Every structure is written in C-alpha cells, then in structure tokens.
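This is a predicted model, so every value here is computed, not measured. Reminder, nothing fancy here: chain letters follow the sequence lines and each chain counts from 1.
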Amino acid sequence: MLPRSDTSALRCLLFSFFFEVYPILLKVCLNFLLRRLRSLSVQLALIVTFHPFQVTKLSSGLVIASLENYSPASRIGVLVRAGSRYETMDSLGVTHLLRLASGLTTKGASAFRICRGIEAVGGSLGVTTTRETMLYTVDCLRDHIDTIMEYLINVTTAPEFRPWELSELTPRVKVDNAIASQSPQIDVLENLHAAAYKNALSNSLYCPDYMVGKITTDQMHTFVQNNFTSGRMALVGLGVDHAILKQVGEQFLNIRSGTGTAGSKAVYHGGELRNQTGDSLVHAVVVAESAAASSAEATAFSVLQHVLGTGPRVKRGSGSTSKLEQAISKATVQPFDASAFNSSYSDSGLFGVYTISQADATGDVIKAAVGQVGDIAQGNLAASDLSRAKTQLKAEYLMSIENSENLLEAIGTQALTEGTYHSLEAITQKIDADPTAVAKKFMSGKKSMAASGHLVTTPFLDEI
Amino acid sequence: MLAGGRLLLGFRKWYYNACGFNKLGLMRDDTIYEDHDVKEAIHRLPERVYNDRMFRIKRALDLSMKQQILPKNQWTKFEEDVHYLDPYLKEVIRERKEREEWQKK
C-alpha cells in the first residue's frame, strides 16, 4: 500500500487486520477449540467405556480375569489347580511329565504344528508348576491372539499323551532331575517338604527316580480328567479384550466341568531329613508350620521374614540391616548366608530360617539364627526395624508386579484362590501386622528340618 | 464297475488265499515292505501287538527255512486278518505330509 497520512495508515492497518489477518486468527482459534473439544469427547468416551481390570466368574466355575494395559504384546495364562500336591501315591511324578508334555500332540494340532505355529507368530508357550498350581502361559503380539489361543486351548483341554511321545520325554525328565540334584537349594527344599508333611505338600516337584520312564498314558489322562476341570481353572489375560477371553472361556474351556477330585488336606508332620554329601558348604533349613496364604497371619509372617532379612538389598553389600546376619556374625567369623524362609500354600505354610554355612560352623550358625527369632518372639524388636521390614515387603511386592510375567501370576493366583483381585492399595494396606505373635508361634511350633552337606556339626532338631 | 458286493467279496477272498502268506500264518500287515514310514509306524505299535507280529514273522521264517507250511486249520483266515498297522501308518503319513506342507511355505 502506498504510504498516506497517519490516520489513513491506521485505517490501512485496521483494514488489513480485518480482511486478512482476522480470518486466519479466527481459523486458528477455531481449530484449537475444536481439537480441545474432540480430545475432551474422547476422554469422556474413555471414562464411560474404559474398564482396565475386569473379573468374571462363569457358571461352570471358571474365573476369567483381564487387565488392559495397552501393550502391543499380549500375555494369556491358564492356571489350573493341578500342582504336585494332587498327585496320588501311585502316580508320583505325573506333574513333572505334564510340565514337559505341553508341546505334545493334541486332538486339534500335532506337536509339529504347535511348535511351528507358535514360532510363526513369534509367540511362546511355557509351563510353570508349583506345588499347588500349573500355569500355562502364552505371549504374542496382540494381532495374533486367536492363533495362539487355539494352541493354548488345545494344550490345556485336549492333550493326547501318545505313548511314543511320552517315552521321548524320558531323557528330558532325567536332565531335569540331574540339574536339580546339582543344586543344593532344590535338594534341601524338596527334602524339607517331604519331611514336614505327611501327604499332598510332601510330593516333590520332580519325578522320583523309580518312576522315570514308567508313567503311562492312562495315568496322565486320569490326572488331567480329575484335575483339569473348569471349576479349578482361571483364564487370565494381560493386554487382551475381556469379551474375547469370556467367549473363549464359555466355548472351549468347559470340556470338563465341576471341581474334579478334591485334594487331601495337607497334614503337617514335622520331621527331619539329612543328606550327607560331604560338601564343605552346608545348606540347612529349620521351619515350623506357619499359616495358610489367605489367613491374616500370613502377612505377619511375611513381615517377620523381612525383619529377619531376605538377603542383601544392595549388590555386594553387607546386608547389615538383616537381624539374622547381625545375630549370626556374633556367633562366628566364618562366611555364611542366612535368610528367612517363608512359603504359604492354600491350607498350610512353612516359616523358618535357611542358612548356608561352613561345615565346622554350622551348629553355631543355626543356633544363633533360631535364637534370633526367639529374641524377636520375646518382643525385642525396634520400631525402626519393623517399619523398615514393612516398607521392604511393600516395595518387594510392588516391584515384582512391574514384570508382566509376575503380574500375570499374581492376578491368576488371586483369581484362582479367591475369585477376585484385590487392588494394590488394598494389599499394601494389609501389610500392617505385628510379627511378635507369629515369632512366638514359630518358637513354640513343632519344627522340621532339612540339611545337606558335610553334616559333622549340624545339630539335630532336638539339639537346637 | 464289478456288479454286486458279494461278487467282489468272493474275488477278494480268492485273491487273499492265492497270495499264500496266510499259509505261513502271516497277516497282511506283516508282509508290508518296511520303508521309512512303515518303520516309524512299527515303532509306535503297542507292545503286545508288536510281540505278536514278531512271533508270526519268526514262525514264518522258520517254516520257510524248513520248506513247510502250516496245517490247514492254522492258516490265517480272511475274516481274521486284522490290518493292525493301518491307523499308525496313516498317522505317520499324515504327519509327514504336514511337515512337507510347512517346509514349502
């Protein structure tokens, strides 16, 4: 524009503002507002329909739980109450073979197809067995869920256990047993359970030597018929739509309904098993019966476990806050390791101290460790130690469920045993129990013990 | 198409007896040529069936060495001939074909 007088310059400015700049400004403002409105409506939609965590219990008894975590990978698990405690005396070791037999031919897919099919979508299938449950886990990308669910359902509901395929598993059973025998921890813990319980929980996770190669197809089928029923199963998914899981649960996991054969109640017996191996490091564990996982005392035992110490929290640190370490270092100068052992099952539990020590100092170490628990039972527990233990327990629980594998297991176990899931806040609030009473229970309870190594100074139970 | 099932059955019986292995006490599946699939299927036989098969083969080898045949009342009858290997063989072949299908992909 040609320069004119001042007022006309102002007029020019206003003119250009209204006819050129203003529309642009208006468009910008409108776009901005629309975007905010759109995101607001999306947020409203999310609030209305978004349920991150859902649990449904079907009429057949199957519990379905899912957590939407918007991850690109999904993880689905089937938990079955079919751990080693449900093995009968005639078929000990069935769960070990079942654990290895997850990839064998099923009615809907051959072993080859299961392996290649899962590999083709980049997924994986794994089995974990505890004394109480079997957990079959698959994970894959979200788009391939239907392919991999087909294999998971086949494996959990329709295995065929062909005799020649089972006999091919015998070398794998032997390898598992050989690896377990190399580890003194596994040796001691299996012996502990065998000594502490009369039945059910005394069954080992590993196949006994005399049964290797002798488990028949019929025994496997009987175990599956009796234990893999929908009343004892839970279907859990992370990053899966709940509706899909529900559909799968209703249509496919109803093959065997009911609650199957009830397992026997675990009876605590209290014995000791010593395994003289001549090893210079002695692994020993002294326990008493604690409480079932769902009882109120179980949390108190967990707090006590952290008061006593569960290993160094700082890598290559001294573990100086552990009460056990403090007590034992007064009794011996030789290197040792001690931690509290706490294990809870659905109807019983074990609590005690696990020590690893030199062969000639073991007597002092064990007596000092048990003495420390007795000390706490008499009330010599500083408030700072107690609050430290509670914080450590909370932190450990919360850290463990950061991992999606552990989260799946945690959700699944709660769904299986209680049919619902407690939020993190509820669980962390429960961690507020006094361990003195349960320490008394440990000191007065009938003890069990297992030891392995050169047992020259290891005391017997009646000498502790 | 040959007329009548009875006619076909009669022909099959005649053919079975003409083959002659029943005179040595063998069944049809004892005589099948042992290629790779058949070997795998034999490997999967239940123990009792496998033992019976071995016995029949041994007896037949013994008879053939002595240039004899069994007395007529011990010949395998057409009706008694059980194709025991068939289901296992079918399964082995199905698995092999499945593997080959996957290899092509």
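Considering all non-hydrogen atoms of both residues, A:S66 and A:L245 come closest at CB-CD1, 3.7 Å. Residues A:A82 and A:M134 share a closest heavy-atom pair of O-CG, 3.3 Å. Contact detail for A:I411 and A:A65: the closest heavy-atom pair is CG2-CB, 4.0 Å. When every heavy atom of A:T157 is checked against every heavy atom of A:R256, the shortest pair comes out as O-NH2, 2.8 Å. Considering all non-hydrogen atoms of both residues, A:N69 and A:R142 come closest at OD1-NH2, 4.3 Å. Across all their heavy atoms, A:G249 and A:I64 have their closest contact at CA-CD1, 4.2 Å.
In this structure, the side chains of A:Y136 and A:L152 come closer than 4.5 Å at one or more pairs of heavy atoms. Annotation: side chain of A:L166 is not in contact with side chain of A:I215 (no heavy-atom distance under 4.5 Å).
Atom CG in A:L135 sits 6.0 Å away from atom CG in A:L408 (nearest 0.5 Å).
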Heavy-atom donor-acceptor pairs under 3.5 Å, chain A with chain B:
unit_1 : atom_1 : unit_2 : atom_2 : d
A:S110 : OG     : B:E98  : OE1    : 2.6
A:S110 : OG     : B:E98  : OE2    : 3.4
A:R116 : NH2    : B:Q103 : OE1    : 3.1
A:R162 : NH1    : B:E91  : OE2    : 3.0
A:R162 : NH1    : B:E95  : OE2    : 3.4
A:R162 : NH2    : B:E91  : OE2    : 3.4

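Contacts of residues 221-244 of chain A with chain B at a heavy-atom distance below 4.5 Å are absent; not one residue qualifies.
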